[in-house]
Amino acid sequence: MPDDPSFPPIALAVSGGGDSLCLAWLASRWRKRLIAFVVDHGLRPESAEEARLTVSRLADLGVPGRILTLTDLAKGPRMAERARQARYAALAHACREMGCLDLLLGHQADDQAETVAMRHRAGSGPTGLAGMGWSTVLPDIRLVRPLLGFSRAALRNTLLQAGVAWVDDPSNEDTKAERVRVRQALLTGDRRDTLWQEAIRYGRARMQQEADYTQYLAQNAAFLPEGWVCLGSTLPEPALLSPLIRSVGGLPYPPSPSAVARLCEEAQPATLAGVQMLRHKGQWILLREAAAMQGRVIAQNGNLWDNRFVLHLPSELEAEGLRMGAAGIGVPRASRAGWPARLCATLPALWHRGQRVAVPHLNIWEDPVLCGARFTFRPPVPVSGSGVYGELPE
């Protein structure tokens, strides 16, 4: 049963605008075990009050709400991108805390058309032109966009009929943002529907491509817990090498398509987007570029290092003064399990007062107390997704 207490709640990302509030209204008629997260970016004086108002409106719908306040955002270059990254990080963290496996988002058909238009302008290939996924699997949650088949107007008309008010964010009218300019350009004519249909076509092709890639990877690649990928004696095609580089590098976006194509054509050891491509014993290996890795940071249970490795510490361990960072040079040859020093230098390690005290992947423990510590390789996006694009299956 959907509302069995043993089931985790379904999470909703609710901004207070018409799209996400309509999502909450519809979801409240589907099941009871819901939790809505309202992100306050703190970029406008009135944002805190709007967040409280939204939580109140959610309560009227019978949906419990929780405000997530961002404190590190500042206005400046790449504001929209930085706000988006911070918002999703906060939402994912809140989902983990609540045990939520699914996060529902209010993106709708007009958003999809705008996304495809923007990706056309950016020169995206077929994968990008599939637009946003109806369902996208991330390392620990699944993003679900159930409203991609409905227009912005239809959702607002639904709220009007239900007597539910919403908040209009003035930033949605700021023409400094590319999306706003694209939205205004699509106000007239049938271009929106054409772009939406285009996303459907490319989405079907993307799902087939991802199925083919999954089969290829299962037969030809080895993903190692050390964060390396062994590709065999030949490189895959650029369209597959690109997401491999993205995964190994812990990158939010894929590298330049032309640069990846050049790597495949030259088939020589090289570095791209913080990832090294080298040959070892006749095999191609992808590994993180040492110079591009994150520096040493405080080691706390569950923390992410270099956007790729999650630290797990024994519950009884006192972690004061402990830091996590790259193993670096000087890993004893006898401990490297036959791997070259340049590979082992990229492994996550624990440090204390400037001394390397543990490299869990190599079973190096300078302090026996740390023997239970470990790192899990968890890149931000999968290489070959299991998402749903195009139309939802019947």
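Just so it is clear, the model here is predicted, and its values are computed rather than measured.
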Heavy-atom check, side chain of Thr136 versus side chain of Arg142, under 4.5 Å = no
Any side-chain to backbone donor/acceptor pair from [X] onto [Y]? Under 3.5 Å, distance only.
| X | Y | answer |
| --- | --- | --- |
| Trp196 | Gly149 | no |
| Arg33 | Phe7 | yes |
| Arg296 | Arg323 | no |
| Arg29 | Trp25 | yes |
| Arg246 | Pro252 | yes |
| Arg288 | Ala292 | yes |
| Arg356 | Gly330 | yes |
| Asn220 | Tyr216 | yes |
| Asp102 | Ile10 | no |

Just verifying a value: how many Å separate [X] [atom1] and [Y] [atom2], rounded to the nearest 0.5 Å?
| X | Y | atom1 | atom2 | value |
| --- | --- | --- | --- | --- |
| Met277 | Leu286 | CE | CG | 7.5 Å |
| Tyr389 | Thr127 | OH | OG1 | 8.5 Å |
| Leu186 | Asp110 | CG | CG | 8.5 Å |
| Leu195 | Thr115 | CG | OG1 | 10.0 Å |

For the [atom1] atom on [X], are there more than 12 heavy atoms of other groups (residues, nucleotides or ligands in this structure) within a distance under 6.0 Å?
| X | atom1 | answer |
| --- | --- | --- |
| His312 | NE2 | yes |
| Gln355 | CD | no |
| Leu43 | CG | yes |
| Glu265 | CD | no |
| Phe377 | CZ | yes |
| Gln215 | CD | no |
| Arg96 | CZ | yes |
| Arg353 | CZ | no |

Without hydrogens or angle criteria, can the side chains of [X] and [Y] be said to hold a donor-acceptor pair below 3.5 Å?
| X | Y | answer |
| --- | --- | --- |
| Asn157 | Gln161 | no |
| Asp111 | Gln108 | yes |
| Gln209 | Tyr202 | no |
| Trp166 | Asp168 | yes |
| Ser247 | Arg308 | no |

message = Give me the atom names and distance for the closest heavy-atom approach of Pro380 to Asn307.
response = CD-O, 3.3 Å
inquiry  = In this structure, would Leu34 and Leu21 fall into the same cluster of hydrophobic residues linked by side-chain contacts under 4.5 Å?
reply    = yes
request  = Could you give me the CA-CA distance, side-chain angles and deciding distance for His120 and Glu198, then say whether side chain to side chain donor-acceptor pair (under 3.5 Å) is met?
outcome  = CA-CA 11 Å; His120 267 297; Glu198 189 174 359; 2.8 Å; yes
ask   = Is any side-chain N of the basic residue among Glu178 and Arg181 closer than 4.0 Å to the acidic one's carboxylate O?
value = no
message = Does this structure show an ion pair linking Arg66 with Glu97, if we count only N-O contacts that are shorter than 4.0 Å?
response = yes
ask   = What's the verdict on side chain to side chain donor-acceptor pair (under 3.5 Å) for Arg279 and Ser233, showing C-alpha distance, side-chain angles and the deciding distance?
value = CA-CA 9 Å; Arg279 288 184 71 84; Ser233 58; 6.0 Å; no
